[in-house]
Amino acid sequence: MASSSRRGPYICGIDAAMDVVSGKWKSLILWELDTYGSRRFGELRRGLPGVSEKMLIQHLREMEEDGLIHREVHREVPPRVEYSLTEHGRSLNEALRPLGEWGTQRATRLAAESAGTAV
């Protein structure tokens, strides 16, 4: 469950946006669901090496509360739960796309610098 401190008041739009994507794994969860579509918990965990089960559960709950992802429980034995992006989550992913491109350019520049070449 999200804490009340996650609901503002906000100073600006960046503040409000960062409140929703704060945490190392949320942007990666968005990317994983955008890239691969609907995913089960185990698939998400395998797709995000290094994330603990506790942290993934916490982030998924917060993201569901923020309306970024949809959690669908299939009533079968054994129970199956799938996560997918909502329209709100897809729009956030689109807003983050330029930041991802900037990060890719930065990683390329840093790799070139460590190899001794200029980009």
side-chain contact (heavy atoms from CB on, under 4.5 Å) partners for Val73, two or more places apart: Arg71, Arg75, Val81
Test item: Asn93 and Leu68 side chains (from C-beta on) under 4.5 Å apart, heavy atoms: no
Say you draw a straight line from CD of Glu32 to CH2 of Trp25; how long is it, rounded to the nearest 0.5 Å? 11.0 Å
For side chain to side chain contact (heavy atoms under 4.5 Å, CB included), just list the numbers for Leu60 and Phe41, CA-CA rounded to whole Å, side-chain angles, deciding distance to a tenth of an Å, and then say yes or no. CA-CA 9 Å; Leu60 288 170; Phe41 182 85; 3.8 Å; yes
Side chain to side chain donor-acceptor pair (under 3.5 Å) filter on Thr104, not counting sequence neighbours, yields none
Distance from Leu56 atom CG to Lys54 atom NZ, nearest 0.5 Å? 13.0 Å
For the hydrophobic clusters of this structure (ILVMFWY residues joined by side-chain heavy atoms under 4.5 Å, transitively), does one cluster hold both Leu99 and Ile14? yes
How far apart are the C-alpha atoms of His88 and Val20, what are their side-chain angles, what is the distance that settles it, and do they pass the side chain to side chain contact (heavy atoms under 4.5 Å, CB included) test? CA-CA 11 Å; His88 190 57; Val20 175; 5.8 Å; no
Please go through Tyr36's hydrophobic cluster and name the other residues, only I, L, V, M, F, W, Y counting, with side-chain heavy atoms under 4.5 Å joining them. Trp31
Side-chain heavy atoms of His59 within contact of Leu48, under 4.5 Å: no
Just to verify, what does Glu72 make a side chain to side chain donor-acceptor pair (under 3.5 Å) with, not counting sequence neighbours? none
To the nearest 0.5 angstrom, please state how far the CG atom of Leu44 sits from the CD atom of Glu82. 10.5 Å
Go through the steps for Leu110 and Glu113 under the test side chain to side chain contact (heavy atoms under 4.5 Å, CB included), then give the verdict. CA-CA 5 Å; Leu110 292 174; Glu113 287 174 3; 3.8 Å; yes
Can you see which heavy atom on Met55 is nearest to which on Ser52, and at what distance? N-OG, 3.1 Å
Just to verify, what does Arg90 make a side chain to side chain donor-acceptor pair (under 3.5 Å) with, not counting sequence neighbours? Glu87
Taking NZ, NE, NH1 and NH2 as the nitrogens, is one of them in Glu65 or Arg61 under 4.0 Å from a carboxylate oxygen of the other? no
Where is the tightest heavy-atom contact between Leu33 and Ile69, given as atom of each residue plus distance? CD1-CG2, 3.6 Å
What is the distance from atom CG of Asp34 to atom OG of Ser27, rounded to the nearest 0.5 Å? 12.5 Å
Yes or no on side chain to side chain contact (heavy atoms under 4.5 Å, CB included) for Lys26 and Glu62, after CA distance, side-chain angles and deciding distance? CA-CA 9 Å; Lys26 288 183 180 179; Glu62 289 175 3; 2.6 Å; yes
Going by the rule side chain to side chain donor-acceptor pair (under 3.5 Å), which residues pair with Arg40 if we only count those two or more places apart in sequence or in a different chain? none
Considering all heavy atoms of both residues, which atom of Asp19 and which atom of Ser22 are nearest to each other, and what is their separation? O-OG, 3.3 Å
